[in-house]
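My structure is below; once you've seen it, I'll send some questions.
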Amino acid sequence: MMMKNIFNECGLLVLVASLTIFGCENAPKQENTTVADSIYHTKVYYEEGKYGGWPANWGMWNWGDEILVGFTKADHEDRQGHTFNQASSVTMFSRSKDGGHTWTMEDAFSQGITEATVEHNVGEQSKSATPLDTPIDFTQPDFALTFRMTHMLDGPTSFYFTTDRGKTWNGAYQLQVDFPAPKPVGIVSRTAYLIEGKHEMTAFLTVGFRKADSDWREVACVRTTDGGITWKFLSWIGEHAINSIMPAAVRLGPQKLLALIRRTKPAEMAAFISEDNGLSWTKIADPVKVDANGHPPALLKLKDGRLCLVYGIRHPETMPDGRGMYVVYSSDDGQTWTTPRQIRGGDGSNGDIGYPRSVELPNGQVVATYYYNNAEAGDKYRYIAATIFDPQS
């Protein structure tokens, strides 16, 4: 999706309690609400005159009840679709230490995210990515990694890693993969990976293609066994020349993987199973219906073995309960899914919402972050929201 038209690609809940939280000056404007008995909403980042967007583009990680999420901050600009000024956009982090109830803003550049990208306009301060020469220990307890695309089609993508829960980041490092023909024109990935061992990681990359006057993207499965120094191509996931982006994957067994992929034309959330550890893939039934130009999946494997999928609906006519954020579950490795449950909606949003990430807390609750708005209720500013819910209810 090109930045100029990310939006085109890209029932009622009963309020029973509300409160306002006052914190340090770096905390977001908190307007926390408990909805029904098992759903709790809060604002991760809200600022008048600003735009907050797209947690799915950067990543979300947790270490117990401590959560870190990345997103884009930009000046608000009145226009259709994404109401943001791209020239002013920068990457930010927000951190919660209480399981997602309260959040504090952190500046990504000052913590080491220093390479300019399509949503991180740092100008002459930008530092180019360099080769990684020392293996990363992916099993360090406070580890996280993020992939950052520099452009929307032609790449490259680089990566950073942290060993202190995102307080400082090492990188940017070059991501190089020897793809088979036809060669892509670039790697344009968000963050999607599975840690397999001390120096082994499986990653799910979006790559760009051009042919004559057309362009599209596809999803590749790659793996490193030397701590990120080199990456080996394993397979393409899905058919050639179908615009496919923003994968999410879980491991189901020693050789079994499930990948969900956003497709844009037509809108689809496509599901694929690998029985040979990522060397080949078989398409299975789509988990959910999506609209607009598709929607990225936030996929978790819960501690009880079920799969949890959070996603957004942007057109009110798509679902009986209208637009909003939804969740479904699978108890059979993604073969079938429960009826979608709306966890956020009916509160005056327009279609500029979604792009979730989610984590499971030690107590079994799930925290989903996404960008949201209440424009049809009179507040035009987009913000980063969190919903905490109980997957058992």
Quiz item: For residues Ser280 and Ser235, is any side-chain donor paired with an opposing acceptor at under 3.5 Å?
Solution: no
Quiz prompt | Flag for Asp304-Tyr329: side-chain donor and acceptor within less than 3.5 Å | solution = no
Quiz prompt | Cationic N near anionic O, under 4.0 Å, Arg165 to Asp142 | solution = yes
Quiz item: Are any non-hydrogen side-chain atoms of Lys301 and Arg251 less than 4.5 angstrom apart?
Solution: no
Quiz item: Are Lys50 and His76 close enough, and set up right, to give a side-chain contact (heavy atoms from CB on, under 4.5 Å), and what steps lead you there?
Solution: CA-CA 5 Å; Lys50 300 294 183 180; His76 172 85; 5.8 Å; no
Quiz item: Between Ile187 and Trp216, is there a shared hydrophobic cluster once you connect ILVMFWY residues whose side-chain heavy atoms come closer than 4.5 Å?
Solution: yes
Quiz item: So how far is it from Glu106 CD to Phe109 CZ, rounded to the nearest 0.5 Å?
Solution: 16.0 Å
Quiz prompt | Basic-acidic side-chain contact under 4.0 Å: Glu239, Lys283 | solution = no
Exercise. Flag the pair Arg323 and Asp291 as a salt bridge only when some basic side-chain nitrogen lies within less than 4.0 angstrom of an acidic carboxylate oxygen.
Key: no
Quiz item: Distance from Asp347 atom CG to Glu376 atom CD, nearest 0.5 Å?
Solution: 10.0 Å
Self-check item: Side-chain donor-acceptor pair present, Asn170, Thr168, cut-off under 3.5 Å
Solution: no
Self-check item: Donor on one side chain, acceptor on other, Asn373 and Ser349, under 3.5 Å
Solution: no
Quiz prompt | Common cluster, Leu257/Ile273, ILVMFWY with side-chain heavy-atom separation under 4.5 Å | solution = no
Quiz item: Do His120 and Glu115 have side-chain atoms, one donor and one acceptor, less than 3.5 Å apart?
Solution: no
Exercise. Measure the acute angle between the ring planes of Phe161 and Tyr173, then classify it against the limits of 30° and 60° as parallel, tilted or perpendicular.
Key: parallel
Quiz item: Between Asp65 and Lys97, is the closest basic N to carboxylate O distance under 4.0 Å?
Solution: no
Quiz prompt | Inter-residue atom distance Leu234.CG - Cys221.SG, 0.5 Å rounding | solution = 4.5 Å
Self-check item: Leu175 side chain reached by Leu205 side chain, heavy atoms, under 4.5 Å
Solution: yes
Quiz item: Does any non-hydrogen side-chain atom of Phe84 lie less than 4.5 Å from one of Arg382?
Solution: no
Self-check item: Passing candidate, ring pair (Phe, Tyr, Trp, His ring centres under 6.0 Å) with Tyr45, options Phe71, Phe93, Trp103, Tyr383
Solution: Phe71
Quiz item: Any luck finding a side-chain donor-acceptor pair between Ser88 and Tyr51 under 3.5 Å?
Solution: no
Quiz item: Do Gln365 and Asn363 have side-chain atoms, one donor and one acceptor, less than 3.5 Å apart?
Solution: yes
Practice problem: Scan side-chain atoms only and decide if Thr104 and Arg95 contain a donor-acceptor pair under the 3.5 Å cut-off. | Solution: no
Quiz item: Can you tell me how far CG of Leu309 sits from CE of Met269, rounded to the nearest 0.5 angstrom?
Solution: 5.0 Å
Practice problem: Verify the distance criterion only: is there a donor paired with an acceptor across the side chains of Arg306 and Ser331 at less than 3.5 Å? | Solution: no
Practice problem: Report the distance from atom CH2 of Trp54 to atom OG1 of Thr91, rounding to the nearest 0.5 Å. | Solution: 10.5 Å
Exercise. State, yes or no, whether a side-chain contact exists between Tyr370 and Val310 at a heavy-atom distance under 4.5 Å.
Key: no
Quiz item: Applying the 4.5 Å side-chain criterion to the ILVMFWY set and letting contacts propagate, would Tyr40 and Leu361 be lumped into a single cluster?
Solution: yes
Quiz prompt | Exercise: do Thr114 and Trp169 side chains pair donor with acceptor under 3.5 Å | solution = no
Practice problem: Considering only NZ, NE, NH1 and NH2 on the basic side and carboxylate oxygens on the acidic side, decide whether Arg344 and Asp321 come within less than 4.0 Å. | Solution: no
Self-check item: Modelled atom types, side-chain donor and acceptor of Arg357 and Asn57, under 3.5 Å
Solution: no
